[in-house]
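Let me begin by presenting the structure, written as structure tokens, before commenting on it.
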Amino acid sequence: MNSFEQEIAEALAATGSFEKEAALKLISVPPDTTHGNFTIPCFSLAKVMRKAPKMIAEDLAAQVKLPAGLSKVEAVNGYLNFFIDRGFLAKSTLEEIAAKGLEYGHAAPNGKVVCIDFSSPNIGKELAFHHLRSTMIGNSLSRIYKAAGYKVERINHLGDWGTAFGKLIVMYLREKRPTDDATLDSLTVKELNILYAAFSKASKEEPGLEDEARAAFTKLEQGDEFYRKLWTAFRAATLKELMRIYDMMGVGFDHYTGESFFEDKIPAILDELREKNLMVKSQDLDVVMLDEFDLNPCLIRKSDGSTLYATRDLAAACYRKKEYNFDKCLYVVDLGQALHFKQVFHVLKKMGREWYKDMYHIPFGVILQLVDGKWEKGKTRTGTASLLRDVIEAAQKKILEFIDEKNPNLENKELIARQIGISALTFNDLKNSRLKDVRFDWDAVMSFEGDTGPYVQNAHVRLCSIMRKAGIDRADLAAAIKDVNFAELSDDAAYSLINILSKKGKKILDAVAGDEPSVLAQYALEIAEAAHKFIHEDRVLGSAEEKSRLFLVQATQIVLENVLDLLGLFPIRQM
RNA sequence: GCCCUUGUAGCUCAGUUGGAUAGAGUGUCAGCCUCCGAAGUUGAAGGUCAUGCGUUCGAAUCGCAUCAAGGGUACCA
């Protein structure tokens with residue numbers, strides 16, 4: 001892909017009209033392929049060359065010597081359009097896919113490290129549907145960065161420390177729950193969640209309860225043994241359920257270093273802030289002033305001396321830099337916390353950590369749910385948020401009905417139904433720009449036609465089905481290429497599919513550049529649509545072009561499988 | 001008040017560094033299974049790109065202003 005642009009630029013430079021670098025900058029991709037594969041708009045050249053753009057394009061078209069692999073150059077309305085030879089594109093693209101397989105379009109290792117902090121749910125609460133966003137965006141980004149050549153450290157910064165535990169402890173003791181080992185061992189998140197909601201309700205009537213919770217957390221932070229024991233039980237109960245769900249979704253982490261992990265690393269941070277005279281008293285708390293950046297002060301310690309979110313994030317950032325020596329550190333956290341991260345990054349700057357500029361908040365919009373006829377943010381606390389496992393179960397059930405109707409003899413249909421369901425939810429989350437709020441419309445999410453996960457999976461399944469009937473496997477790819485006649489893959493349906501496949505590498509880089517999995521989700525849709533069209537229009541099995549077309553089916557399958565994998569979707573083979 | 005994000009077809013959204021006739025899906029209407037999976041495919045209809053001004057040969061895209069929605073803004077995370 002890149003080399004085409006290089007060669008066009010060189011050929012243009014050879015006409016003597018302008019420099020290669022300038023030509024390279026002008027090359028762009030036309031909106032549709034009827035205008036070719038590359039184009040040079042000549043309008044900006046008009047002033048320098050003192051000619052009408054139309055004339056410039058026509059003159060260049062006449063002068064330029066067409067590089068190998070290009071079939072045509074033409075001047076249209078001031079645009080100079082280049083067309084790639086279909087057979088050449090088929091050959092170069094498919095040969096590379098045959099050689100690289102699943103890793104076609106991936107970049108070579110670049111020696112860089114990226115830390116990605118994602119999911120990071122709060123302990124003591126059930127995973128709500130909106131936690132899917134950070135989890136799935138982060139999961140996909142970590143796969144995409146790896147494909148782009150990075151070493152990735154996937155970090156789950158569990159919310160396992162803070163006032164929330166004060167609340168749980170207060171409520172647990174207030175309700176006089178048993179605190180023997182056996183009871184604590186068998187605690188479930190469900191119970192904790194109810195406790196949490198009960199606290200919210202009670203604190204509305206008793207304002208003093210919040211203070212009580214804060215005091216309980218302070219006691220926990222100071223090392224009270226009994227409180228520690230309760231905290232450990234709460235944490236273990238939540239983690240058990242979390243792992244079950246991550247496992248089901250195919251999400252993994254390299255580190256579960258939650259907030260509590262940084263507890264003993266905080267004093268050093270406080271000392272440093274004090275030594276550098278950055279920490280001041282304001283309204284009875286310790287803060288770092290950020291006036292010079294037009295930001296509110298960053299709160300470091302509460303009036304009772306206990307720590308805050310920002311304090312622990314500072315310790316975590318310094319720890320990560322020391323431990324992983326990252327080139328980039330990403331925080332996949334919702335948009336509402338933009339100010340918090342800005343503050344933390346600027347405190348690091350004031351501390352003289354030059355790497356503060358490698359820290360990125362990757363924000364995303366919230367999931368809105370219909371509550372009493374209005375779209376609002378679901379809250380675990382008030383019980384308006386749908387629980388992730390409920391949503392997954394509902395999706396699975398609905399898809400199972402679908403399978404029973406269409407393909408009742410499918411083996412493992414419960415598992416496959418769940419995988420399709422999870423993929424549908426994931427895709428719904430990833431297909432749009434991350435900053436957009438997602439309206440969780442049950443009907444839209446549970447419909448499996450059009451721009452959905454199942455649409456993409458269905459394309460993959462159909463490709464696999466043809467391969468199964470032909471008795472071939474993905475592993476035959478490298479050997480099968482020698483039987484391909486590339487000229488047989490130059491009809492519109494085959495060509496446009498190949499053209500899309502050839503863009504995989506660029507799409508991965510685009511997704512990394514914008515930290516945007518939706519780039520690849522949209523790309524998956526493009527592949528699926530072109531694949532559906534190809535097998536609809538070009539009969540594969542039994543045709544005169546069977547070997548060539550079968551190879552394109554295999555190549556498409558392997559590209560699609562990897563794109564699905566990069567998105568964190570299950571590339572299932574039957575449905 | 002200040003700050004951040006969003007505004008494109010009835011609905012949900014794409015639209016790359018400014019470039020050719022602003023594209024999909026969904027919904028509505030009309031077609032396509034004796035043929036590799038119809039969870040598919042072909043077509044029709046549907047637009048003041050929130051509004052105004054500006055920059056430019058050229059603006060959905062860049063700048064300024066206004067409007068609307070959502071979020072944040074000192075002891076939650």
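The model shown is predicted, which means the values in this text are computed figures rather than measured ones. Numbered from 1 within each chain, the chains take letters A, B, ... in sequence-line order.
- Looking at the side chain of A:H536, the nearest of the listed nucleotides B:rC75, B:rU41, B:rG19 is B:rU41.
- Residue A:S44 has no polar side-chain atom (N or O) positioned under 4.0 Å from OP1 or OP2 of B:rC57.
- Between A:K533 and A:E529 there is a salt bridge, with a side-chain nitrogen of the basic residue lying less than 4.0 Å from a carboxylate oxygen of the acidic one.
- Atom NZ of A:K281 has more than 12 neighbouring heavy atoms from other residues, nucleotides or ligands inside a 6.0 Å radius.
- A sub-4.0 Å separation between OP1 or OP2 of B:rU12 and a side-chain N or O of A:K436 is absent.
- Where stacking is scored as ring centres under 5.5 Å apart with planes under 30°, A:Y79 registers as stacked on the base of B:rA20.
- Between A:D538 and A:M289, the residue anchored closer to the 5' end of RNA chain B is A:D538, taking for each the nucleotide with the nearest heavy atom.
- Counting only distance, with no hydrogens or angles, the side chain of A:H361 and the backbone of A:K342 share no donor-acceptor pair below 3.5 Å.
- Applying the 90° criterion around 0 to the glycosidic angle, B:rC62 comes out anti.
- Of the candidate nucleotides B:rG15, B:rU41, B:rC57, B:rU41 has the atom lying nearest to any side-chain atom of A:H532.
- Ring pair A:F341/A:Y360: centre-to-centre distance not below 6.0 Å.
- For B:rG37, the OP1/OP2 oxygens have a side-chain nitrogen or oxygen of A:K469 closer than 4.0 Å.
- An aromatic stack links A:F43 and the base of B:rG19, using centre distance under 5.5 Å and interplanar angle under 30°.
- Rounded to an integer number of Å, the gap from CG of A:D437 to P of B:rC13 is 9 Å.
- Within 6.0 Å of NZ in A:K54 there are 12 or fewer heavy atoms belonging to other residues, nucleotides or ligands.
- For B:rC76, the base has no donor-acceptor partner in the side chain of A:T163 [N/O atoms by modelled type, under 3.5 angstrom].
- Within the structure, every side-chain polar atom (N or O) of A:T39 is placed at least 4.0 Å from both OP1 and OP2 of B:rA20.
- Put simply, A:K507 has no side-chain N or O that comes within less than 4.0 Å of OP1 or OP2 on B:rU16.
- A sub-4.0 Å separation between OP1 or OP2 of B:rG37 and a side-chain N or O of A:Y455 is absent.
- In this model, a side-chain donor or acceptor of A:S282 finds a partner on the base of B:rA74 within 3.5 Å.
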